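Read through the structure below, which is laid out as structure tokens, and then see the notes.
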Amino acid sequence: MKISGTRVEKCGQRGIEGKYCLHFHLARDCPSCVFENNAVEYGHHRGITVHGSHRTTVRGNVIWANVYIEDGNEMHNEISYNVAVCPHSLSDPILQGCSIPGTSNAGSDAPNAAFYSKAATNDWIGNRAANTYNGMLLDAGTQGFNSLGLLGQNGPANAEQLVGFHMI
């Protein structure tokens, strides 16, 4: 699946899990899964989500929300040269910046990160963030399942496998 050069607007539902603008959902090993050179505008939830998918490409997108790597089992995805912008003030009492209160993942809701990941085995290259509390938040836990079978169920077997994390 490839979505390229597309404008996506007024998407997602704030505070409702699973309502995302662009979403790779349980695609498993999917090197042909590409979101490239898209504009996600006026999104009310995560702009681009990678969930249970491996070897995808998220490149050159402009997002009015964030990029979210969901479970922690996602591996070898390339997230490169994206720009994530939060158009709302952190002091706004209703919108609270680009946080998404009320989902099942309070850890990713509250910190307001342009790039959020629970997985440390992905490549983050040349991304930019504006007006967010955290530009990049790596919350590398050990939940989810490993659908590639390359690592143990509880994440990377050794520190050498963490090298794929780059934020430039």
Side-chain angles (χ1 to χ4, degrees), residues 1-9 11-13 17-41 43 45-85 98 100 103-105 107-108 113-130 132 134-168:
M1 174 179 78
K2 181 175 183 177
I3 297 178
S4 180
T6 302
R7 179 179 175 181
V8 180
E9 64 178 26
C11 52
Q13 291 180 326
E17 185 176 11
K19 302 295 183 179
Y20 310 127
C21 298
L22 295 172
H23 187 194
F24 292 129
H25 184 76
L26 304 178
R28 299 180 58 94
D29 186 24
C30 191
S32 63
C33 290
V34 177
F35 292 143
E36 186 173 41
N37 300 326
N38 299 295
V40 177
E41 296 184 84
H45 208 317
R46 320 228 188 277
I48 297 177
T49 299
V50 178
H51 176 206
S53 303
H54 316 289
R55 297 197 305 152
T56 68
T57 301
V58 176
R59 180 186 310 127
N61 300 284
V62 177
I63 308 143
W64 282 36
N66 67 358
V67 174
Y68 180 66
I69 308 299
E70 191 164 340
D71 276 347
N73 67 333
E74 297 83 8
M75 298 186 305
H76 311 298
N77 297 290
E78 177 192 321
I79 298 89
S80 60
Y81 306 104
N82 300 286
V83 177
V85 178
C98 286
I100 300 96
T103 70
S104 63
N105 188 352
S108 68
F115 300 95
Y116 177 90
S117 181
K118 294 188 82 58
T121 51
N122 295 289
D123 295 318
W124 298 81
I125 303 165
N127 296 290
R128 304 289 185 261
T132 60
N134 292 299
M136 172 71 201
L137 182 61
L138 174 61
D139 184 16
T142 57
Q143 68 181 41
F145 62 91
N146 180 350
S147 59
L148 275 183
L150 297 176
L151 304 175
Q153 185 174 8
N154 291 324
N158 61 54
E160 293 172 40
Q161 293 171 318
L162 298 177
V163 174
F165 179 80
H166 305 283
M167 188 67 180
I168 300 170

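Just so you know, these numbers come straight off a predicted model, no measurement behind them.
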For this session: Verify whether one side chain among Tyr81 and Asn127 offers a donor that lies under 3.5 Å from an acceptor in the other.
Result: no
Exercise. Angle class for the Tyr68/Tyr20 ring planes (parallel below 30°, perpendicular above 60°, tilted otherwise)?
Worked result: tilted
Problem set entry | Closest approach of Gly60 to Asn82 (non-hydrogen atoms, all atoms of both residues) | N-OD1, 3.3 Å
For this session: Could you go through the side chain to side chain contact (heavy atoms under 4.5 Å, CB included) check for Val58 and Ser80 one step at a time?
Result: CA-CA 6 Å; Val58 176; Ser80 60; over 6 Å; no
Exercise. What's the verdict on side chain to side chain contact (heavy atoms under 4.5 Å, CB included) for Asn61 and Phe35, showing C-alpha distance, side-chain angles and the deciding distance?
Worked result: CA-CA 8 Å; Asn61 300 284; Phe35 292 143; 4.3 Å; yes
Exercise. Arg55 and Asp29: which non-hydrogen atoms are nearest, and at how many Å?
Worked result: NE-OD1, 2.7 Å
Exercise. Given the rule in the side chain to side chain contact (heavy atoms under 4.5 Å, CB included) test, do Ile3 and Leu22 qualify, once you have shown the distances and angles that lead to the verdict?
Worked result: CA-CA 9 Å; Ile3 297 178; Leu22 295 172; 4.1 Å; yes
For this session: Measure the SG-CG distance between Cys21 and Asn38 for me, rounded to the nearest 0.5 Å.
Result: 11.0 Å
Problem set entry | For the student: nearest non-hydrogen atoms of Gly47 and Ala65, plus distance | N-CB, 3.5 Å
Exercise. For the atom pair CD (Glu9) and SG (Cys11), what is the distance rounded to the nearest 0.5 Å?
Worked result: 8.5 Å
For this session: Taking all non-hydrogen atoms of both residues into account, name the closest pair between Ala27 and Cys33 and its distance.
Result: CB-SG, 4.1 Å
Problem set entry | Point-to-point distance, once rounded to the nearest 0.5 Å, from CD of Glu70 to NE2 of His23 | 5.0 Å
Problem set entry | Exercise: do His25 and His51 side chains pair donor with acceptor under 3.5 Å | yes
Exercise. So, Ser4 side chain and Glu36 main chain: donor-acceptor pair closer than 3.5 Å or not?
Worked result: yes
Exercise. With the threshold set at 4.0 Å, does a side-chain nitrogen-carboxylate oxygen contact exist between Arg59 and Glu78?
Worked result: yes
Exercise. Just how far is it from atom NE2 of His76 to atom OG1 of Thr57, taken to the nearest 0.5 Å?
Worked result: 13.0 Å
Seminar exercise, completed: Closest non-hydrogen contact found for Ser117 with Ile69 is OG-CB, 3.4 Å
Problem set entry | Straight-line distance of Glu74 CD to Thr49 OG1, nearest 0.5 Å | 10.0 Å
For this session: Calculate, to the nearest 0.5 Å, the distance between atoms CZ and CD1 belonging to Phe24 and Ile48 respectively.
Result: 8.0 Å
Exercise. Is His54 reaching over with its side chain to a backbone N or O of Met75, donor-acceptor style, under 3.5 angstrom?
Worked result: yes
Exercise. What is the minimum heavy-atom distance between Leu137 and Ala113, and which atoms define it?
Worked result: CB-CB, 3.7 Å
Exercise. So, the side chain of Asn122 versus the backbone of Asn77: is there a donor-acceptor pair under 3.5 Å, distance only?
Worked result: yes
Exercise. Checking side chain to side chain contact (heavy atoms under 4.5 Å, CB included) for the pair Asp139/Tyr116: CA distance, chi angles, key distance, verdict?
Worked result: CA-CA 7 Å; Asp139 184 16; Tyr116 177 90; 2.7 Å; yes
